[in-house]
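One structure is given here, and the rest of the page talks about it.
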Amino acid sequence: MKIFEKLAEYRYEQIVFCHDRQTGLKAIIAIHDTTLGPALGGCRMYPYASEDEAVVDALRLARGMTYKAAASGLNLGGGKSVIIGDPHTDKSEALFRSFGRYIETLGGRYIVAEDVGTSTEDITHIQVETSHVVGVDVTHGGSGDPSPLTALGVVQGMRACAEEVFGSTSLDDRTIAVQGLGHVGHNLCKLLHEEGAHLIVTDVEEEAVERAVRQFRAKPVEPDEILSMPCDIFAPCALGAVINDETIPRLRCRIVAGSANNVLLEPRHGGELAERGILYAPDYVINAGGLINVADELEGYHRGRATKRVMRIYDSVKSIIAISKRDGVPTNIAADTLALERIQAISSMERLHTGHPYGQRFRRRETL
Ligand code: NAD
């Protein structure tokens, strides 16, 4: 792979290869952009088929984090790390401590969190070696399960969309179809039920469906029926790529707003939703509650402050809708514009201003 060409393509700042023969550590840290602040992103552990695949994954995920943090109003940049290995068989305390030491060498330019294949226990080992870590256990002052705040953020995004489409932020009496009743989906149903919404729900786990029916008087449907249910809002909270050529003609909603990542199979599907008059709340903005929650640990976790910040997802989605109208582009493109405009505004300011909210925890780009 021509790595510098890859880095130039989307203006990545840095890629770090970490190798420790003794512990078997093979890790890659990708830092995309630190204009707004230190690069924060999870550490994924996965048995990648090749080193190229691991590099591409780290780069792709790091860039996504830049957009997510920027559009969410966080003073953070985008980064991500991957450990090449099987999370079921290759984990050890020594491996994560070794990785923690590598993170420490970056002096705060990269802040790690947990991700697919890593857990709070792994983070606890990393934390022994570096303070540039979030998502630590609640017993160590961490923020704990992010899903209630992710769900709250989804509700806020729904309100912004409802205001645009129905003229009111209220979700009372709205019919909302929720796909997936896991950590976020269940919390989301709880909030929506309290608000007076009518719920249609599905999950592949029968128990999860039964619980929602019992607790929230939700109407259960089969997993393959949820997309074609007549409703005001379709909330994907299970899988990615649910909006595609096959599913778009089946939708009978006015809004798509849920927690799932990578909801659109391809970016063009955002345009196709818009053409059908369906308002799409971009996934990485509406599901940023978890990131906002975990990022709060950088200031000493405060649940009230994190909640207040998550409430602002309403404003982010409103801004995206405004940009979408201003530029005549679908909302998924407008979300990228919101992120880029913020990064550009701050990077032009950088020449005059050298202070930073996290002070010495983060060494600025120009001093490298
Ligand atoms: P989860 O694993 O707890 O829940 C997912 C649920 O979806 C499970 O109950 C599962 O049985 C169900 N499911 C799987 N396939 C399905 C199908 N075909 N039809 C219907 N249901 C199906 O995950 P989660 O933490 O609730 O996250 C849900 C989504 O939101 C994921 O895409 C995740 O990446 C994203 N997300 C989560 C958070 C968070 O704070 N947990 C933050 C940002 C984004």
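Side-chain atoms are counted along with the backbone in the values below, which use heavy atoms only and exclude waters and symmetry mates. Remember, predicted model here, so these are calculated numbers, not experimental data. Atoms within a ligand are numbered from 1 in the order they appear, just like the ligands themselves.
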Practice problem: Examine Tyr301 together with His140 and report whether their ring centres are nearer than 6.0 Å. | Solution: no

Quiz item: Would you say the side-chain atoms of Tyr110 pair up with the backbone N or O of Gly41, donor to acceptor, closer than 3.5 Å?
Solution: yes

Practice problem: Start with the C-alpha distance between Arg109 and Thr34, add both sets of side-chain angles, then the distance that settles side-chain contact (heavy atoms from CB on, under 4.5 Å), and finish with yes or no. | Solution: CA-CA 8 Å; Arg109 275 176 55 72; Thr34 58; 3.7 Å; yes

Self-check item: Option with minimal heavy-atom separation from atom 21 (N) of ligand 1, where the choices are Asp203, Asp145, Asp115, Val184
Solution: Asp203

Self-check item: Option whose closest heavy atom lies nearest to atom 32 (O) of ligand 1, chosen from Cys237, Pro236, Ala238
Solution: Ala238

Quiz item: Short N/O distance, under 3.5 Å, between His183 and ligand 1?
Solution: yes

Quiz item: Should Gln179 be counted as touching ligand 1, given the test is an N or O pair under 3.5 Å?
Solution: no

Self-check item: Residue Glu205 vicinity, atoms of ligand 1 by number, heavy atom under 4.0 Å
Solution: 11 (O)

Exercise. Below 4.0 angstrom from a heavy atom of Gly180, which ligand 1 atoms are there? Numbered from 1 as shown, please.
Key: 7 (O), 21 (N)

Practice problem: For ligand 1, indicate whether the residue Asn287 contacts it via side chain, backbone, both or neither (heavy-atom separation under 4.0 Å). | Solution: both

Quiz item: Using heavy atoms and a threshold below 4.0 Å, how should the contact between Leu239 and ligand 1 be classified: side chain, backbone, both, or neither?
Solution: side chain

Distance from [atom] to nearest protein heavy atom, with residue and atom:
{"atom": "atom 4 (O) of ligand 1", "result": "Gly182 CA, 3.2 Å"}
{"atom": "atom 35 (C) of ligand 1", "result": "Ser259 O, 3.3 Å"}
{"atom": "atom 14 (C) of ligand 1", "result": "Val204 CG2, 3.9 Å"}
{"atom": "atom 34 (O) of ligand 1", "result": "Asn261 ND2, 2.9 Å"}

Quiz item: Do Glu207 and Arg211 meet the salt-bridge criterion of a basic N to acidic O distance under 4.0 Å?
Solution: no

Practice problem: May I ask you to decide whether Arg11 forms a salt bridge with Asp33, counting only side-chain N to carboxylate O separations under 4.0 Å? | Solution: no

Quiz item: Do the ring planes of His32 and Tyr12 sit parallel (below 30°), tilted (30 to 60°) or perpendicular (above 60°)?
Solution: perpendicular

Self-check item: Proximity flag Ser147 to ligand 1, non-hydrogen atoms under 4.0 Å
Solution: yes

Self-check item: Criterion side-chain hydrogen bond (donor to acceptor under 3.5 Å, both in side chains) against Arg97, the qualifying member of Glu129, His125, Gln127
Solution: Glu129

For residues 159-166, dump all side-chain donor-acceptor pairs below 3.5 Å to protein atoms at least two apart in sequence or in another chain.
residue: Arg159; atom: NE; partner: Gln156; partner atom: OE1; Å: 3.1
residue: Arg159; atom: NH1; partner: Thr169; partner atom: O; Å: 3.4
residue: Arg159; atom: NH1; partner: Glu195; partner atom: OE2; Å: 2.9
residue: Arg159; atom: NH2; partner: Glu195; partner atom: OE1; Å: 3.0
residue: Glu163; atom: OE1; partner: Tyr314; partner atom: OH; Å: 2.4
residue: Glu163; atom: OE1; partner: Lys318; partner atom: NZ; Å: 2.9
residue: Glu164; atom: OE1; partner: Lys325; partner atom: NZ; Å: 3.2
residue: Glu164; atom: OE2; partner: Lys325; partner atom: NZ; Å: 2.9

Quiz item: Who passes salt bridge (Lys or Arg N to Asp or Glu O under 4.0 Å) against Asp20, sequence neighbours left out?
Solution: none

Quiz item: Distance below 4.0 Å between atom 9 (O) of ligand 1 and any protein heavy atom?
Solution: yes

